[in-house]
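In what follows, a single structure is set out as structure tokens and then discussed.
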Amino acid sequence: SWSALAGPGFPAAVLAADPFAPTRVLAGGGAGLARSPDSGQSWDRVDGALTTGLGVRHVAAGAPGSLLTGPPGTLLRSDDTGRTFQRSQTGLTSVGEEPVAVDPRDPQRMLVFGAPSQLFGSADGGRTWTTRTYGNSNTDGVLAFAPSDPRVVYGAGFTGAVGIARRSADGGATWTVAGLPTSDFNFASDLAVDAGDSRLVYLSTGSGVRVSSDGGDTWAPVSGIPAGGTGAAEAHPSVPGSAFVLTAGQLWRTSDRGATWTASVIPDGTPTDVVADPRSPSTVYVATTVGVFRSLDGGATWGPLSDGLPNRRVSGLALDRGGSALYAATDAGLAVLSFAEPSPAPPVPPGSPVATPKPGLASLRSARLRIDTRRRVALSLACPAASSGCAGTVRLSTRPRPASGRRRAVPAKTLATGRFSVRAGKRATVRLRLKRFPVRAGRTLKAQVRITGAGRSRTTRVTVRRPAARRSGGRAS
């Protein structure tokens with residue numbers, strides 16, 4: 001079943017899991033960017049360089065600790081997993097609305113569309129950019145690196161009502177028009193390149209699916225899939241020759257490099273995204289407008305995975321790199337499904353010492369706190385299931401402010417402290433009593449929570465809100 005997460009504090013439109021830290025997740029939405037270090041159990045706002053309320057369109061994880069995000073008209077880069085941001089503008093004269101494409105084998109190499117007719121490439125994780133010659137059809141364009149050969153990149157987009165596909169054999173430095181007639185499609189929905197063959201490409205468009213097995217020299221329209229627009233496309237990350245394409249109400253799969261396709265009817269809703277599990281070739285997840293469905297037999301049968309979702313409309317899915325959790329972006333925020341079924345443990349030889357679980361460090365489940373009328377703040381804590389339990393202290397304090405100009409540094413001020421004990425795999429609520437109200441009614445205070453236990457500590461930035469006083473008959477009660 002799913003467990004609801006408090007989320008980053010704003011509706012999440014996009015998610016990205018850091019490929020170098022499976023438990024680190026980034027969430028972007030219309031109000032900013034947030035980072036979770038513990039698979040979504042707690043969140044920190046990491047958009048210190050972003051203006052409040054600025055819409056974040058996409059997030060891309062690069063090298064270890066590096067990420068790029070795209071508010072309208074700009075691109076920001078962080079090298080410390082979102083603690084600070086700098087404008088990624090050296091050599092970058094414009095930025096479009098398309099996401100940054102990252103080489104899966106070398107995350108320092110990136111491509112991004114700019115204004116119409118502009119493409120930019122980076123070889124240093126987005127620190128500097130150089131202009132690439134692409135062409136005049138990158139409106140609503142998509143880009144895809146070939147996983148088996150990073151020199152090969154494909155792009156597709158349209159100008160007006162005419163679609164054009166291009167390819168590059170030198171990592172995006174130069175491009176040639178692929179062999180599609182310019183009137184063959186009107187816009188590109190998605191691109192996917194086979195996991196083992198850089199010349200096998202799947203193009204989802206507004207007029208059906210096209211498949212090329214010769215690197216884009218020739219393209220064959222897919223027969224059998226209903227005519228009309230197709231949606232998300234994904235090449236199976238660990239099964240060469242296998243790919244998926246979404247249509248209204250159906251998932252289509254090929255296992256023979258696009259020669260034939262088999263339809264699988266999604267039980268309910270309109271599918272919006274598809275993710276294949278690289279560790280389990282037969283496991284596929286589909287997001288729909290009414291929830292999430294999972295197939296354990298390659299799409300032959302489906303079962304719902306929506307129990308506990310805060311909102312059944314799911315717009316996107318992302319798998320942890322280690323395959324330990326599935327993240328869902330919904331209209332109500334974020335949700336996480338942890339796969340608790342562990343692999344069978346190998347038999348322990350007689351006489352071998354038996355490993356015992358060690359105490360764990362609890363995590364804060366929500367970064368949005370509230371002060372009640374009795375000056376109490378409730379903190380929801382979770383303890384890892386693999387531990388022997390969590391116990392320690394928790395402290396709520398104001399955030400320290402560093403010295404700036406003539407301003408003197410302001411240290412953190414403790415607001416309340418307490419002790420806690422949580423059983424392994426369980427959650428508990430700790431209520432802290434404040435000596436006084438630290439903020440006026442109707443206002444929000446930026447603070448932090450420090451959890452200490454098992455010889456370690458964890459600090460999470462939070463917001464503490466004091467609700468406005470109730471009014472009755474025009475007067476405050």
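Only this structure's heavy atoms are used, side chains among them; waters, hydrogens and symmetry mates stay out. Each residue takes its place number in the sequence, starting with 1.
A cation-pi arrangement is absent between R109 and F145, since the terminal nitrogen or guanidinium carbon is not both under 6.0 Å from the aromatic centre and inside a 45° cone about the axis.
The side-chain contact (heavy atoms from CB on, under 4.5 Å) test applied to L415 returns L396, T398, L434, P438, L445, not counting sequence neighbours. Not a single salt bridge (Lys or Arg N to Asp or Glu O under 4.0 Å) links D190 to another residue, sequence neighbours left out. For R395, there are no salt bridge (Lys or Arg N to Asp or Glu O under 4.0 Å) partners at least two apart in sequence or on another chain. With sequence neighbours left out, the salt bridge (Lys or Arg N to Asp or Glu O under 4.0 Å) criterion links R399 to no other residue. Scored by the side chain to side chain donor-acceptor pair (under 3.5 Å) test, S295 finds D297 as partners (sequence neighbours excluded). Judged as a side chain to side chain donor-acceptor pair (under 3.5 Å), and not counting sequence neighbours, S189 has no contacts. Here S242 pairs with R253 under the side chain to side chain donor-acceptor pair (under 3.5 Å) rule; sequence neighbours left out. Partners of R465 according to the side chain to side chain donor-acceptor pair (under 3.5 Å) rule, which considers only residues two or more places apart in sequence or in another chain, are T444. Among residues two or more places apart in sequence or in another chain, the side-chain contact (heavy atoms from CB on, under 4.5 Å) test is passed with P267 by F293, W302.
Residues V394 and T417 are not in side-chain contact: their nearest non-hydrogen atoms beyond the backbone lie 4.5 Å or more apart. Inter-residue side-chain proximity for V112 and W129 is flagged as met; some heavy-atom pair is nearer than 4.5 Å. Contact of the I371 side chain with the V439 side chain is registered, since non-hydrogen atoms from C-beta on lie closer than 4.5 Å.
Residues G231 and S204 come closest through the heavy atom pair O-OG, 2.7 Å.
Annotation: salt bridge (Lys or Arg N to Asp or Glu O under 4.0 Å) contacts involving residues 438-452, sequence neighbours excluded, are absent. Under the disulfide (SG to SG under 2.5 Å) criterion, the residue pairs touching residues 382-457 are C383-C390, with sequence neighbours excluded. The salt bridge (Lys or Arg N to Asp or Glu O under 4.0 Å) analysis of residues 372-383, with sequence neighbours excluded, yields the pairs D372-R376.
When atom types are taken as modelled, the side chain of H236 and the backbone of A276 share no donor-acceptor pair closer than 3.5 angstrom.
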